[in-house]
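Note on naming: letters A, B, ... go to the chains in the order of the sequence lines (proteins, then strands), and numbering restarts at 1 for each one.
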Amino acid sequence: MASLAGSSISMQPRHALATSRVSGLKLVSFMNQGRSSLSYGLRLMPSRLRISCAAKPETVDKVCEIVRKQLAVPSEKPVTGDSKFAELGADSLDTVEIVMGLEEEFGITVEEDNAQNISTVLDAAELIDKLCGEKSA
Amino acid sequence: MNIRCFQRNFSAAFPPLVPLQLPSPMETHLWYILPDEVKNSALLNQYSELLSPCERESVSRMRGDQLKKRALLARALVRTTIARYQTNCQMNPRSLRFRKNLYGKPEVEWRNEDNFNPPPLHFNISHTSAMIACGVTVNVPIGIDIEENQRRTKNNIIAFAQRYFSPYEVKVLTAISDPEVQRQEFIKLWTLKEAYVKALGKGFSAVPFKTFTIRFRDTTMRKFHPPESSVSEESDIVVESSEDPTDPAKNWRCALLEVAGSHYGAICVEKDRIAGENAPMKLTVWKTVPFVEDVCVSGTDAVLVLGGIIEQ
């Protein structure tokens, strides 16, 4: 994740940008795979961003993979940071299984009050990064 | 004229819902829809007309036609079910408003208007891909949960139980040697625990699964019921809280059913003070296609009691 010096806007992970929260903008797909895409991305950067996003792209990807597997989402249906578990058809047992899968994958423990607030892939990824960060602190 | 009354001229699109008396304080009503039986797109459109714009938007956000249909039927079931219990006049299911309590549990928002005494109705819904259910009580909170009886977990059952269930429950599950029986008992236990948490209505962080135990207890009550009575003779279901010294878990009555041969269903209802400690749960179950057909299935093969003292 790169930051623009002197500004509070940070580069968004590819998945998080494909969000309907950005008003008045068509979906932008970043063609780049690497990180040296700062200037390329900036031109397309919308003015209103979710500045609080702190999830690493690889965390989001891993969460998407676990969610996709748990909910048996067909490959043609997208699962992205913005995906809500409920909208993908997760019931309460699925959600708990997903949390358990994430705990095992990342070696963390998710307490119930944190788990209750997870409704999207991004929520999960942010929590994981936070817990992983605390673990290594 | 009370504007909430169902005006005759608007009812042309639907036959009216068959009106029903409110459940008595000791009764629990359970309504369920089998989505596979609802295929008529005109009917689905009519259901869609019942929803608030916000609900319709939520439905449209579900990914895929089956999920959209399920979400639509869930809202239609809740609205039509509550609207059946008329007080002064027939309620229009479309005009019901809902809100969430402090912890996110959905409830009806009755409008405070003159001459309108809102019925003290409580409800709770649960759905799977093959069934949507709505439980209704009067005066006391209710929680329900259904799961397909063939449901498999991705995680190992004992690992899952060790992570989330109480030590006693883990012990019970571990003692089951047949993996299929173990899987079934796990799903049943899951539905009971979910139903209890949903009945409490405080969110699962307020009552983590590990902090209470649900178990079956043989009861001596059965000998007091005459053979021809419709009271089930299954073991009673007991909820024990490991945290609260005053043990409020004693106030809850649980039932475990197998519905339509395909689902386990758990119902958890707060005991009514008038009804008394050991009164059975009086349960009536309907299979419904709102506006088309309601079938009372209590006492038939569609409702198999697996646990709890229940009178059908």
Side-chain angles (χ1 to χ4, degrees), chain A residues 15 18-21 62-124 127 131, chain B residues 57-71 74 103-105 125-132 143-148 151-157 159-165 186-187 189-191 193-195 197-198 202-211 263-264 266:
Chain A
H15 301 282
T19 170
S20 54
R21 266 191 290 272
K62 199 72 211 174
V63 175
C64 285
E65 190 187 304
I66 289 171
V67 168
R68 188 180 274 286
K69 211 169 92 171
Q70 175 67 36
L71 303 181
V73 182
S75 45
E76 62 270 14
K77 274 202 215 159
V79 178
T80 63
D82 212 35
S83 298
K84 272 195 170 168
F85 296 161
E87 287 167 11
L88 294 170
D91 65 8
S92 51
L93 183 51
D94 286 314
T95 305
V96 177
E97 287 222 83
I98 287 168
V99 170
M100 188 169 163
L102 298 176
E103 286 185 331
E104 282 176 357
E105 176 69 31
F106 293 97
I108 49 175
T109 300
V110 180
E111 298 303 332
E112 273 83 351
D113 49 359
N114 281 328
Q116 194 160 274
N117 295 323
I118 298 176
S119 50
T120 65
V121 168
L122 204 53
D123 289 341
L127 178 63
L131 292 174
Chain B
E57 213 231 305
S58 291
V59 168
S60 69
R61 282 204 299 267
M62 301 297 289
R63 311 272 193 96
D65 289 340
Q66 288 310 310
L67 292 179
K68 284 182 168 61
K69 181 177 168 187
R70 193 207 303 191
Y103 307 97
K105 183 176 183 181
I125 60 166
S126 179
H127 44 70
T128 68
S129 56
M131 182 185 290
I132 300 155
I144 72 167
D145 191 58
I146 55 172
E147 288 294 345
E148 290 172 25
R151 175 80 184 254
R152 269 149 222 292
T153 55
K154 292 286 186 301
N155 294 287
N156 170 271
I157 284 171
F160 186 101
Q162 278 168 339
R163 172 66 184 87
Y164 291 110
F165 286 4
F186 169 83
I187 299 292
L189 192 49
W190 170 269
T191 59
K193 290 178 83 80
E194 262 293 287
V197 171
K198 288 174 78 179
K202 294 206 179 96
F204 64 79
S205 63
V207 203
F209 272 23
K210 256 195 209 291
T211 64
H263 284 72
Y264 295 130

So for [X], is it side chain, backbone, both, or neither that comes closer than 4.5 Å to the heavy atoms of chain B?
X       : result
A/Pro74 : neither
A/Asp91 : side chain
A/Ala86 : backbone

Taking atom NZ of A/Lys69 as the centre, does the number of heavy atoms from other residues, nucleotides or ligands within less than 6.0 Å exceed 12? no

How about CG on B/Asp65, more than 12 heavy atoms from neighbouring residues, nucleotides or ligands closer than 6.0 Å, or not? no

Of all the heavy-atom pairs spanning A/Ser83 and B/Arg63, show the shortest one and how long it is.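 Looking at all heavy atoms of both residues, the shortest contact is OG-NH2, 3.2 Å.
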
How long is the gap from [atom1] on [X] to [atom2] on [Y], to the nearest 0.5 Å?
X        : Y        : atom1 : atom2 : answer
A/Glu87  : B/Lys68  : CD    : NZ    : 9.0 Å
B/Tyr164 : A/Glu112 : OH    : CD    : 7.5 Å
A/Lys84  : B/Met62  : NZ    : CE    : 10.0 Å
A/Leu93  : B/Lys193 : CG    : NZ    : 13.0 Å
B/Asn155 : A/Gln70  : CG    : CD    : 6.5 Å
B/Ser205 : A/Asn114 : OG    : CG    : 9.5 Å

Pick one of side chain, backbone, both or neither for [X], based on which atoms fall under 4.5 Å of a heavy atom in chain A.
X        : value
B/Ala159 : both
B/Gln66  : neither
B/Arg163 : side chain

Go through the steps to decide whether B/Phe160 and A/Val96 satisfy the test side-chain contact (heavy atoms from CB on, under 4.5 Å), and finish with yes or no. CA-CA 9 Å; B/Phe160 186 101; A/Val96 177; 3.5 Å; yes

